[in-house]
Amino acid sequence: SLRRESPRILLFILLLVTLVLFALFLGGGLVAQGYLYQEPADRLPLVESTPVNPESPYALAKSMQNQYGRVFAKLFGVDVLMTRSFNHTGPGQRDSFVLSNFAKQVAEIKRGTREAVIDVGNVDVRRDFLDVRDVCDGYVVLLQKGRSGETYNVCSGRSYRVGDLLDQLCAIAGVRVTIRVDESRL
């Protein structure tokens with residue numbers, strides 16, 4: 001993925017696209033971003049005022065986009081809202097995302113086209129998940145009621161252990177599985 005292979009190129013592209021969009025449109029819009037927070041167990045849930053701590057080139061680029069949005073809103077009157085959208089999932093999502101990947105594997109097991117083994121990464125991590133339709137509804141509300149130059153978290157405010165969500169998928173499908181950690185997914 002570009003995030004891992006070419007961090008400088010990714011940073012340049014994301015910032016350039018942000019600047020071009022602001023310069024061209026000088027109008028309304030959302031800047032969606034995530035991956036900015038660490039997960040300090042003593043400061044959950046994360047709120048908009050929680051300090052960001054980008055620890056990857058992707059997160060750094062997103063943090064800089066947020067700052068560009070704030071500056072363009074303040075100095076040039078650009079009507080822009082910044083969102084920190086947490087994990088979302090839903091119908092049609094590519095199986096490169098954790099829950100849709102789990103759902104695909106569970107469905108294949110249920111159909112009998114896959115052995116009853118689920119390949120996973122770290123299932124002990126905790127994440128905030130929303131249905132993509134709820135995320136879109138949130139964006140609409142923000143476009144209607146949000147304040148220009150402000151940052152908004154789009155999330156449920158609850159964290160879920162990824163392994164527990166996998167267990168729920170298996171229970172719903174009525175399948176028993178063996179969990180196999182795939183080092184490439186860590």
Side-chain angles (χ1 to χ4, degrees), residues 1 3-4 7 10-11 13-15 17-19 21-22 25-91 93-94 96-102 121-169 186:
S1 113
R3 283 190 220 178
R4 290 189 197 103
L10 175 68
L11 180 64
I13 290 169
L14 290 173
L15 294 177
V17 167
T18 301
L19 287 174
L21 288 174
F22 286 156
F25 297 105
L26 292 176
L30 289 168
V31 176
Q33 52 195 317
Y35 306 105
L36 293 176
Y37 296 116
Q38 280 188 293
E39 294 183 34
D42 61 336
R43 294 203 317 238
L44 293 175
L46 299 171
V47 296
E48 288 82 355
S49 61
T50 301
V52 297
N53 188 16
E55 293 190 342
S56 72
Y58 179 76
L60 176 61
K62 293 300 186 178
S63 178
M64 293 172 79
Q65 282 180 327
N66 193 74
Q67 294 304 313
Y68 280 128
R70 207 177 294 288
V71 167
F72 272 70
K74 183 177 180 181
L75 297 180
F76 306 113
V78 174
D79 188 15
V80 61
L81 307 170
M82 285 71 65
T83 68
R84 294 183 184 145
S85 301
F86 288 61
N87 299 285
H88 39 285
T89 192
Q93 186 177 41
R94 291 187 324 265
S96 59
F97 294 93
V98 65
L99 293 184
S100 55
N101 183 272
F102 288 169
N122 181 358
V123 294
D124 290 322
V125 297
R126 300 186 68 83
R127 298 285 182 260
D128 185 307
F129 287 94
L130 276 178
D131 186 285
V132 68
R133 293 160 290 200
D134 294 329
V135 172
C136 292
D137 289 345
Y139 288 162
V140 169
V141 169
L142 287 174
L143 286 170
Q144 294 168 344
K145 298 182 179 184
R147 291 185 21 216
S148 183
E150 293 295 319
T151 299
Y152 298 91
N153 286 346
V154 179
C155 57
S156 70
R158 294 180 304 261
S159 73
Y160 301 91
R161 183 180 162 275
V162 170
D164 293 340
L165 297 175
L166 174 57
D167 292 343
Q168 288 180 23
L169 281 170
L186 295 174

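With hydrogens and angles ignored, the 3.5 Å screen pairs no side-chain donor or acceptor of Ser159 with any backbone N or O of Arg127. Put simply, the side chain of Asn101 never gets that close to the backbone of Ser96: no donor and acceptor are under 3.5 Å apart. In terms of modelled atom types and a separation under 3.5 Å, the side chain of Tyr152 and the main chain of Arg147 share a donor-acceptor contact. Ser63 contributes no side-chain N or O that, together with a main-chain N or O of Asn53, makes up a donor-acceptor pair within less than 3.5 Å.
A search for salt bridge (charged side-chain N to carboxylate O under 4.0 Å, His left out) contacts involving Asp164 returns Arg161, not counting sequence neighbours. Listed by chain and number, the residues in a salt bridge (charged side-chain N to carboxylate O under 4.0 Å, His left out) with Asp137 amount to none (sequence neighbours excluded).
Atom CD of Glu48 is separated from atom CD of Glu150 by 9.0 Å, given to the nearest 0.5 angstrom. Here the SG-CG distance, from Cys155 to Asp134, works out to 12.0 Å after rounding to the nearest 0.5 Å.
Listed here is the closest heavy atom pair of Leu142 and Val154: CD1-CG2, 4.0 Å. Across all their heavy atoms, Val132 and Gly90 have their closest contact at CG1-CA, 4.1 Å. When every heavy atom of Arg70 is checked against every heavy atom of Gly149, the shortest pair comes out as NH1-O, 3.1 Å.
The shortest distance between side-chain heavy atoms of Val162 and Phe102 falls below 4.5 Å. Between Thr89 and Phe97, the closest side-chain pair of non-hydrogen atoms is not below 4.5 Å. Considering only heavy atoms from C-beta on, Asp128 stays 4.5 Å or farther from Asn153 through its side chain. Between Met82 and Tyr68 the shortest side-chain heavy-atom distance does not fall below 4.5 Å. In this structure the side chain of Tyr160 never reaches within 4.5 angstrom of the side chain of Leu99, judged on heavy atoms. Proximity of Ser156 to Phe86: side-chain heavy atoms (C-beta onward) are nowhere separated by under 4.5 Å.
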